[in-house]
Visitor: 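Okay, handing you the structure first.
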Amino acid sequence: MTLKSYHTLDVQGKRVLIRVDFNVPVKSGKILDDTRLRAALPTVKDVQARGGKVILLTHFGRPKGRDPLLSTAFLQPTLEEIFEGPVLFAPDGVAPSSVATTQHLQDGEILLVENLRFHAGEEKNDPTFAKELALLGDVYINDSFSISHRAHASVEGITKHLPSAAGACLLQEVEAVARALTHPKLPVAALVAGSKISTKLALLENLLPKVDFLILGGGIANTFLRAQGYPIGSSLVEEDMIHTAQQILEKAPLQDCRIVLPRDAVVAETLEGGNPHTTTLDPIKPTEKIFDIGPQTVTLIQEILDTCQTIVWNGPMGVFEVAPFHEGTAKLAQHVGSLTQKGQVFSIAGGGETVAAITSAGAAPLFSYLSLAGGAFLEYLEGKTLPGVSALKA
Ligand code: ADP
Ligand code: MG
C-alpha cells in the first residue's frame with residue numbers, strides 16, 4: 001500500500017497537526033524510555049525547516065475524563081531538550097482557547113496539546129469531536145504507527161477534514177513490513193515464539209503462505225511439540241490449541257512452508273533455582289518445564305537463517321527475563337544482527353517483549369528495523385487493515 005507522504009504536503013506558514021505517540025513508560029514521574037519522543041524528531045524538524053508551525057497531538061495512559069495525573073504537561077521539559085527549543089503547551093486540549101493559541105504561533109514554533117483522551121470523543125471517533133480537533137490545524141500528519149490500529153478521532157476521523165499524510169516514522173514502519181512480507185527477497189524466515197498460540201494464531205495463519213520457514217519457539221512451540229506426541233513434562237501448554245497446532249502442521253507443506261520446531265530444550269522444575277539443564281526432548285521428566293530452546297536448536301535455526309534473505313521476528317524463544325533462559329533468544333538475536341550487518345539479510349522484529357529481549361542481548365542496533373509498536377505491529381503482520389494507515393492511502 002502506497003501512502004501519501006508528508007513531503008507532498010504544503011506546510012509553509014501552516015499550522016501542522018502531527019499525531020505522535022508520546023505514551024512513554026513512566027515511573028515516579030520519571031521517563032524510563034524516551035525513544036517515542038525522539039522518534040518524532042525527523043518529521044518535526046522537517047516541518048520546522050519548511051516553515052510550518054508544529055502542533056503535537058498525543059494520548060497518554062487511559063484516563064477516564066480529565067485527570068491531572070495523566071496530563072501531558074510533564075513531557076514539556078524533556079521535549080524542549082530533544083527539540084532544542086521552546087515547546088509551548090495548550091492546557092485546555094481541544095477547545096476554542098487552544099485554537100486561539102495555534103493562531104498566534106510563529107513559523108517553526110512547537111505547541112504540545114493536552115492529553116487527547118481527556119475528551120470522550122477521541123476514542124469514540126466522534127465526528128463532531130474530529131471536526132473540533134481539525135480546527136487546531138490546517139494540515140495533518142500521522143507519524144505514529146503504534147496507534148494506527150485504532151480508529152480514533154486523531155487517527156482516522158480527522159483525516160476527513162484536513163489534507164492528510166503519513167510522517168517519517170509511519171512511512172518507515174509500513175515500508176519495513178512491506179519489505180519483509182509483501183515483496184521480500186526470498187527465502188523468508190519468520191520466528192514466532194512467546195507464551196501463547198492463542199494470541200498469535202492469526203499471525204501464524206497469515207505467515208504460513210508467505211514464508212519459507214516458520215520457526216517456532218517459546219510456549220507456542222510446546223503446544224506444537226505436544227501435538228506431535230512429545231511428553232514435555234509440565235511445560236506451559238494450551239490444551240485447547242493442540243488440535244489447531246496439528247492443523248497448522250498439516251497445512252504447512254501444502255503452502256510450501258517448513259515448520260521448524262525445537263530439537264532440545266533448557267528445562268528446570270521452577271524458574272528460580274530449579275537446576276536448569278539442557279536435554280533432548282524425549283526424557284523430559286513430568287515435573288520439569290521447558291523454559292528455553294536448547295543449543296542444538298539454536299544451531300539448527302542459525303543454519304536455516306544463514307540460507308535466508310529476509311527475517312521477521314515476533315516473540316522471545318524462552319523466558320528471557322530469567323537467566324539462563326535468555327540464552328536461546330540472545331544467541332539468535334546476535335546471529336540475526338550479524339547477518340544483517342554483513343548485508344546478507346533484511347531483518348525486522350517487533351512486540352513489546354521481543355524488542356526488550358533483543359535490546360538486552362545488545363543486538364537492537366544491528367537489526368534493519370525494530371518496531372516501536374506492539375499491538376499495531378502484530379495486527380499489521382496478521383494482514384489486517386489498520387484504519388490509520390488506510391486513511392492515508394495515496
Ligand atoms: P511480545 O510481547 O514480543 O509479542 P509475547 O507477549 O507473545 O511477546 O511473549 C513474551 C513472553 O513469553 C515472555 O514474557 C516470555 O517469558 C514468555 N515465554 C517465552 N518462552 C516461554 C516458555 N517456554 N514458557 C513460558 N513462557 C515463555
Ligand atoms: Mg507481550
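Numbering of ligands and ligand atoms starts at 1, following listing order. For clarity, every value in this text was computed on a predicted model and none was experimentally measured.
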Visitor: Out of E353, K196, M317, who gets a non-hydrogen atom closest to atom 6 (O) of ligand 1?
Guide: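 Heavy atom nearest to atom 6 (O) of ligand 1 belongs to E353.
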Visitor: Output the atom name for the N/O/S atom of E353 with the smallest distance to the Mg ion (ligand 2).
Guide: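 When I compare the N, O and S atoms of E353, OE1 is nearest to the Mg ion (ligand 2).
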Visitor: Find out whether L214 and L208 are in side-chain contact, i.e. whether some heavy atom of one side chain is under 4.5 Å from a heavy atom of the other.
Guide: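 Yes, close enough: below the 4.5 Å cut-off.
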Visitor: Under 4.0 Å from a heavy atom of P316: give me the atoms of ligand 1 that qualify, with their elements.
Guide: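 Matching atoms, with element in brackets: 8 (O), 9 (O), 10 (C), 19 (C).
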Visitor: Looking only at atom types and distance, does a side-chain atom of T159 sit under 3.5 Å from a main-chain N or O of V155, one as donor and one as acceptor?
Guide: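 Checking the backbone N and O of V155 against the side chain of T159, no donor-acceptor pair under 3.5 Å is found.
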Visitor: Which atoms of ligand 1 have any heavy atom of T354 under 4.0 Å away?
Guide: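 In order of number, 1 (P), 3 (O).
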Visitor: Is the shortest side-chain heavy-atom distance between D34 and V24 below 4.5 Å?
Guide: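 D34 vs V24: side chains apart.
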Visitor: Can you tell which part of E321 has a heavy atom less than 4.0 Å from ligand 1: side chain, backbone, both or neither?
Guide: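 Only the side chain of E321 comes within reach of ligand 1.
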Visitor: Name the residue from K53, K14, R15 that meets the salt bridge (charged side-chain N to carboxylate O under 4.0 Å, His left out) definition with D107.
Guide: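 For D107, the salt bridge (charged side-chain N to carboxylate O under 4.0 Å, His left out) check succeeds only for K53.
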Visitor: For atom 19 (C) of ligand 1, what's the nearest protein heavy-atom neighbour? Residue, atom name and distance, please.
Guide: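 Result for atom 19 (C) of ligand 1: G318 O, 3.1 Å.
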Visitor: Check whether V113 and V87 end up in the same hydrophobic cluster, where Ile, Leu, Val, Met, Phe, Trp and Tyr are linked by side-chain heavy atoms less than 4.5 Å apart.
Guide: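 Per the 4.5 Å side-chain linkage, V113 and V87 are not co-clustered.
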Visitor: Determine whether I242 and T223 make a side-chain contact, defined as any pair of heavy atoms from C-beta on separated by less than 4.5 Å.
Guide: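 When only atoms from C-beta onward are counted, T223 and I242 do touch, with a gap below 4.5 Å.
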Visitor: By number and element, which atoms of ligand 1 are closer than 4.0 Å to a non-hydrogen atom of K200?
Guide: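 Atoms satisfying the 4.0 Å criterion: 4 (O), 5 (P), 7 (O), 8 (O).
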Visitor: What atoms in ligand 1 come closer than 4.0 Å to a heavy atom of L236?
Guide: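 By the 4.0 Å cutoff, the relevant atoms are 25 (C).
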Visitor: Heavy-atom distances under 4.0 Å are what count here, so tell me which part of T199 touches ligand 1: side chain, backbone, both or neither.
Guide: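 Under 4.0 Å from ligand 1, T199 contributes no heavy atoms.
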Visitor: Nearest heavy atom to atom 24 (N) of ligand 1: which of V266, T329, I290 does it belong to?
Guide: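 Looking at heavy atoms only, I290 sits closest to atom 24 (N) of ligand 1.
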Visitor: Any side-chain heavy atom of I197 sitting closer than 4.5 Å to one from F224?
Guide: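 Contact flag for I197/F224 side chains = yes.
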Visitor: Could you check whether K251 pairs with E205 (Lys NZ or Arg NE/NH1/NH2 to Asp/Glu carboxylate O, under 4.0 Å)?
Guide: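 Answer for the salt bridge query: yes.
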Visitor: Hey, what's the ring geometry for W313 with F367, parallel, tilted or perpendicular (30° and 60° as the breaks)?
Guide: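 If you compare the ring of W313 with that of F367, the planes turn out tilted.
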Visitor: Closer than 4.0 Å to some heavy atom of G219 - which atoms of ligand 1 meet that?
Guide: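 Numbered from 1, ligand 1 contributes 20 (N), 21 (C), 22 (C), 23 (N).
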Visitor: Please check whether N314 reaches ligand 1 - meaning an N/O of the residue sits under 3.5 Å from an N/O of the ligand, judged on distance alone.
Guide: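 Yes, there is a polar N/O contact under 3.5 Å.
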Visitor: Can you report which non-hydrogen protein atom sits closest to atom 12 (O) of ligand 1, along with the distance?
Guide: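 Going atom by atom, the protein heavy atom closest to atom 12 (O) of ligand 1 ends up being S195 N, 3.2 Å.
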Visitor: Which of the numbered atoms in ligand 1 are under 4.0 angstrom from any heavy atom belonging to V319?
Guide: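 Taking each heavy atom of V319 in turn, ligand 1 has 16 (O), 19 (C), 20 (N), 21 (C), 22 (C), 24 (N), 25 (C), 26 (N), 27 (C) under 4.0 Å.
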